[in-house]
Amino acid sequence: MTGLTHDPAILAEADDWRTRDLAVVWHPCTQMREHPELMPLVPIERGDGAWLIDSDGRRILDSGSSWWTNLHGHAEPRIAEAIARQARTLEQVILAGCTHPGAVELAERLLALAPREPGRPPLSKVFYADNGSAGVEVALKMAFQWFQNRGDEPRRTKFVALQNGYHGETLGALAVGDIPLYRRVYAPLLCEAVFAPSPDAYLAREGQGAAGHAEDAADALAHLLDAHAGEICALILEPRVQCAGGMRMHDPVYLRRVRDLCDVHGIFLIADEIAVGFGRTGTLFACEQAPGETGGVAGIQPDLLCLSKGLTGGFLPLATVLATQVLYDGFLDESRDRAFLHSHSYTGNPLACAAALASLDIFASDDVLARNRATAERMTALAGQVGGHRHIADVRQAGMIVAFELSRDGDRRAAFDPALRVGLHAYRHAVARGVLLRPLGDILYWMPPYCIDEAQLQLLAEVTAGAIEAATSCA
Ligand SMILES: *Cc1c(COP(=O)(O)O)cnc(C)c1O
């Protein structure tokens, strides 16, 4: 790699836009030095269902749904049409002081679909933001300010979050995240959070099982909440799957325990379903999978529910925070000081609301959850065929997410040396064979658009197996 590689004067002269990119674009979550030699840029011109199509017309399977946003396929015509119709009618309006039909209808429909627990007042208000991190910030600020507004417990200034959790990149969201790669450098800037052990089943002791480990993690959380009694305003977690943390999955019994502990301690439970919401793990929301007080599947209802990513079917940025009436009422006052004075310019953008409504229509008309159940079964079978490899330490699945954890000789305690870049080698192998398989470190995963078909699933399995073989054979 030479210093010249990134010289704008030279790159800007190039005759194709792929090369011009490096003259002017700074890519997200990327060490730019790795482009283009170590990591070739993939130039995408079109999308079609689960395919991305590059500038040479080559089809590449989008196995990660474009950072987990896409649900029904790229360029889905019904969502595209809804956005076009909305754009000709009303593209944007200030949501402070004004409203529009899309914001109202989307709020009504999300509240009707939201997780509900018998005997608990339902989620009843929707606050809009324009990306996932902003939604997390909204939820944190709401929980904190609710106690400040009440005035009798000013010491409740801390959040509890889970080890290995992820909630976004802005400073507030990073403060409750626990992935060192993203957090470490900014640590001096972050507000204080208390981290509880992760219920992650991968960390279970030999013979303990996922549920046993989740119970242990809940016991540890109970101690932590006791130790910080009166200091905590809310707990935030990703239900069922810590996605950015490596698609680490936990037993849903943990959610039941957390709901009960938050009630006992009088703190708010924030469910971050930004990645797992909208059918990704088998139910519309992951919170629905928690057992009831007396067993069976009953689901839990959070006090604040953050949604984004798939909310618009993957077409436009939008986030919502669903809140209980109790939370909302804590801000009603004669004084503006007690109001929630948070805003983003594009709050509740009409185009994004139109896309979200069209996506919800597709869930109903195409019975997406039933289709996902069948697809998830095929993913189980195909993952079984891939999973026998000697370097795979774990294969795990939650609905439409399958993850393969690679390690030295398949031993959970013996991760590959990160310098080997095993995941990156797998990525390069796969992309050359028509599958975009962006890893999380040495964890490969499938999180495809829901419209993925049998032939595409087989391609995915075949290329994943080849990528694992190629990446681990020299490690
Ligand atoms: C992606 C993600 C976020 C952040 O959303 P952005 O739109 O990328 O800011 C927050 N929480 C979880 C669980 C996520 O996966």
Side-chain angles (χ1 to χ4, degrees), residues 27-30 64-71 115 127-143 159-179 181-183 186 190 193 195 198-200 234-250 254-255 258 269-281 285-287 302 304-322 342 344-349 352 355-356 359 398-401 403 438-441 443 445 447:
H27 288 264
C29 204
T30 298
S65 299
S66 286
W67 258 346
W68 323 337
T69 58
N70 190 285
L71 300 187
F127 192 95
Y128 287 102
D130 48 18
N131 65 73
S133 304
V136 167
E137 303 267 339
V138 164
L140 297 174
K141 285 174 70 177
M142 279 179 175
F159 300 101
V160 174
L162 300 193
Q163 289 171 3
N164 195 45
Y166 178 83
H167 301 286
E169 301 292 347
T170 54
L171 292 177
L174 263 188
V176 288
D178 181 45
I179 298 182
L181 184 62
Y182 306 140
R183 177 192 168 91
Y186 306 106
L190 305 178
F195 289 96
S198 173
D200 174 5
L235 179 147
I236 183 165
L237 56 63
E238 299 159 271
R240 284 292 278 120
V241 189
Q242 293 187 312
C243 293
M247 299 297 162
R248 294 292 184 82
M249 300 170 186
H250 56 256
Y254 186 74
L255 302 174
V258 167
L269 172 55
I270 304 171
D272 177 353
E273 293 224 19
I274 288 167
V276 294
F278 298 103
R280 186 50 77 177
T281 68
F285 297 109
C287 283
L304 290 158
L305 175 63
C306 300
L307 303 172
S308 188
K309 291 205 165 104
L311 172 59
T312 60
F315 272 66
L316 286 166
L318 181 70
T320 55
V321 179
L322 278 57
H342 184 108
H344 296 286
S345 311
Y346 282 93
T347 297
N349 172 256
S359 174
M400 294 285 291
I401 307 175
R438 193 182 162 91
L440 291 158
I443 297 159
Y445 65 91
M447 197 158 166

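Computation of the quantities below employed the complete heavy-atom set of this structure, encompassing side-chain atoms and omitting hydrogens, waters and symmetry-equivalent molecules. Order of appearance sets the numbers: ligands from 1, and atoms from 1 within every ligand.
Every residue was checked against the salt bridge (Lys or Arg N to Asp or Glu O under 4.0 Å) condition with Arg280, not counting sequence neighbours, and none meets it. Asp200 pairs by the side chain to side chain donor-acceptor pair (under 3.5 Å) definition with Arg248, not counting sequence neighbours.
Of the N and O atoms on the side chains of Glu137 and Thr170, at least one donor lies less than 3.5 Å from an acceptor on the other residue.
Of the protein's non-hydrogen atoms, Lys309 NZ, 2.9 Å is the one closest to atom 14 (C) of ligand 1. Looking at atom 5 (O) of ligand 1, its nearest protein heavy atom turns out to be Gly132 CA, 3.2 Å.
Contacts between Cys243 and ligand 1 below 4.0 angstrom, taking non-hydrogen atoms only, are absent altogether. Contacts between Glu169 and ligand 1 below 4.0 angstrom, taking non-hydrogen atoms only, are absent altogether.
If you number the atoms of ligand 1 from 1 as listed, the ones under 4.0 Å from a heavy atom of Trp68 come out as 15 (O). Taking every heavy atom of Asn131 and a limit of under 4.0 angstrom, the matching atoms of ligand 1 come to 7 (O), 9 (O). Interface of Asp272 with ligand 1, defined as ligand atoms under 4.0 Å from a residue heavy atom, comprises 10 (C), 11 (N), 12 (C), 13 (C). Heavy-atom proximity to Ser133, at under 4.0 Å, picks out these atoms of ligand 1: 4 (C), 5 (O), 6 (P), 9 (O). Of all the atoms in ligand 1, the ones that sit under 4.0 Å from a non-hydrogen atom of Gly168 are 4 (C), 10 (C). Close contacts of ligand 1 with Ala275, meaning ligand atoms under 4.0 Å from a residue heavy atom, involve 15 (O).
Residues Tyr166 and Tyr182 place their aromatic rings such that the two centres sit under 6.0 Å apart.
Within the 4.0 Å cut-off (strictly below), a protein heavy atom is located near atom 11 (N) of ligand 1.
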Check step by step if side chain to side chain contact (heavy atoms under 4.5 Å, CB included) holds for Ile270 and Cys306. CA-CA 7 Å; Ile270 304 171; Cys306 300; 3.9 Å; yes
Go through the steps for Val321 and Val136 under the test side chain to side chain contact (heavy atoms under 4.5 Å, CB included), then give the verdict. CA-CA 8 Å; Val321 179; Val136 167; over 6 Å; no
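Atom CZ of Phe278 is separated from atom CD of Glu273 by 9.0 Å, given to the nearest 0.5 angstrom. Atom CZ of Phe195 and atom CD of Gln163 lie 8.5 Å apart (nearest 0.5 Å).
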